[in-house]
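In what follows, a structure is listed as structure tokens, so that the remarks can point back to it.
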Amino acid sequence: MTLSLVEIYKSLLKRYGPQGWWPLIAHAGTNPTLRGRLTGYHPGNFELPNTEKQMLEIMLGGILAQNTSWVNAEKALLQLAQNDLIDIQNLIDTSVEQLAQLVRSSGYYNQKAARIHNLARYLESHPIRSLLSRTIAQVRPELRAIKGVGNETCDSILLYALKKPIFVVDAYTKKLLVRNGLISAISTYEEIQTLFHREIPQSVEIYNEFHALIVQHCVHCCLKVPLCDSCPLKELCQKLPFSAPKRGTKRSIKKDQR
DNA sequence: GCCCAGGAGCCCG
DNA sequence: CGGGCTCATGGG
């Protein structure tokens, strides 16, 4: 007996409540109050983003957050915002070297600066406005072709910036599903995503909330060494050999992440 | 000091 | 296809 994806979603939502993703920084209108929020920016409100600037901010956040804590990524995002660089043309007009210094706090800053520049040049020829009216099948290959936009970043852009119904798979998702016995540890990104698309109603709101809940759960409970006592899923979570390493040995971690 | 964070690309068998 | 390596800061 294992939990279904729908049951996991319900349990996580009941435990943690609506997460309010994507965590947009507050930079409204002409008088920006640049104050970052880590979580709960707009819980239960799926109207956002509702401007192209907010959509761009999410896309940039996706790149800046690659293998990096959101706190560090957000600092970089605030630097961009303070320099009026949540703007496609301004990004293009800024050198990669200068961008790199601004996004320094997010780590991998040289790579990320180049990736942001790549994204901006793509958006120059493919305006966000035009992307909104095209299908996932049309846009996804184009985004994936941008150097620096891999599977997760691509789908984060599609779901959270462009509000298209596609599920975002990340390392947390894989860990959670492996531990709950829903997938094998060698499942590919596409296999895991297909599972969500098959089992979960194809709703932008639900995909948004579910992914955010998985991050919340994995950051606070289903850690590398999981805190199973307080886990909302503990009743039916599979006690697989690799699911709860006693100690974070290199071997056990490697196996766990595979 | 060590570990890790919402990855991605490249290289090599 | 897949493992291994590289990229890098800041917080616990």
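Computed from a prediction, not measured in an experiment: that's the story for all the values here.
Residues satisfying the side chain to side chain contact (heavy atoms under 4.5 Å, CB included) test with A:S133, not counting sequence neighbours, are none. The ring-ring contact (aromatic ring centres under 6.0 Å, His included) test applied to A:H117 returns no partner, not counting sequence neighbours. In this structure, the side chain to side chain contact (heavy atoms under 4.5 Å, CB included) partners of A:S230, at least two apart in sequence or on a different chain, are A:C221, A:L227. In this structure A:P127 satisfies the side chain to side chain contact (heavy atoms under 4.5 Å, CB included) test together with A:R129, A:S130, sequence neighbours excluded. By the ring-ring contact (aromatic ring centres under 6.0 Å, His included) test, A:Y108 is found to be paired with no residue, residues two or more places apart in sequence or in another chain being considered. Scanning for ring-ring contact (aromatic ring centres under 6.0 Å, His included) contacts around A:H126 gives A:Y122, with sequence neighbours left out. With sequence neighbours left out, the side chain to side chain contact (heavy atoms under 4.5 Å, CB included) criterion links A:N110 to A:A100. In terms of the ring-ring contact (aromatic ring centres under 6.0 Å, His included) criterion, A:Y172 has no residue partners (sequence neighbours excluded).
Under the 4.5 Å side-chain heavy-atom criterion for ILVMFWY residues, a single connected hydrophobic cluster contains both A:I200 and A:F167.
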Nucleotide N/O to protein N/O under 3.5 Å, stretch nucleotides 9-11 of chain C:
from   : atom 1 : to    : atom 2 : distance (Å)
C:dT9  : O2     : A:N72 : ND2    : 3.1
C:dG10 : O4'    : A:N72 : OD1    : 3.2
C:dG10 : O4'    : A:N72 : ND2    : 2.8
C:dG11 : OP1    : A:K75 : NZ     : 2.4

What N/O pairs connect the protein and nucleotides 9-13 of chain B at under 3.5 Å? Give each pair on its own line.
from  : atom 1 : to     : atom 2 : distance (Å)
B:dG9 : OP1    : A:G148 : N      : 2.7

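The residue A:V219 sits close only to the backbone: its heavy atoms come under 4.0 Å of sugar-phosphate atoms, none of a base.
Rounded to whole Å, the C1' atom of C:dA8 lies 14 Å from the corresponding atom of B:dC3. When the P atom is compared between B:dG6 and C:dG12, the two are found 13 Å apart, to the nearest whole Å. As rounded to the nearest Å, C:dG11 and B:dG1 have C1' atoms that lie 14 Å from one another.
Computed from coordinates, the A:K224 NZ to B:dG6 C1' distance equals 14 Å when rounded to whole Å. In this structure, CG of A:L223 is placed 12 Å from C1' of C:dG12, rounded to the nearest angstrom. At whole-Å resolution of the value, NZ in A:K112 and P in B:dG6 are 11 Å apart.
Judged by centroid separation below 5.5 Å and plane tilt below 30°, A:Y172 does not stack onto the base of B:dA5.
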For residues 5-12 of chain A, which side-chain N or O atoms pair as donor and acceptor with protein atoms under 3.5 Å away, sequence neighbours left out?
from  : atom 1 : to   : atom 2 : distance (Å)
A:E7  : OE1    : A:S4 : N      : 2.8
A:E7  : OE1    : A:S4 : OG     : 3.3
A:S11 : OG     : A:E7 : O      : 3.0

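Secondary structure note: stems in DNA chain B built from 3 or more consecutive Watson-Crick or G-U wobble pairs under 3.5 Å occupy B:2-5 with C:9-12, B:7-13 with C:1-7.
A:V168 is not listed as a side-chain neighbour of A:L158, based on a closest heavy-atom distance of 4.5 Å or more.
Distances were taken from every side-chain heavy atom of A:Q111 (C-beta onward) to each of B:dA8, C:dC7, B:dA5; the shortest belongs to C:dC7.
Between A:N110 and C:dA8 there is a side-chain polar atom (N or O) within less than 4.0 angstrom of OP1 or OP2.
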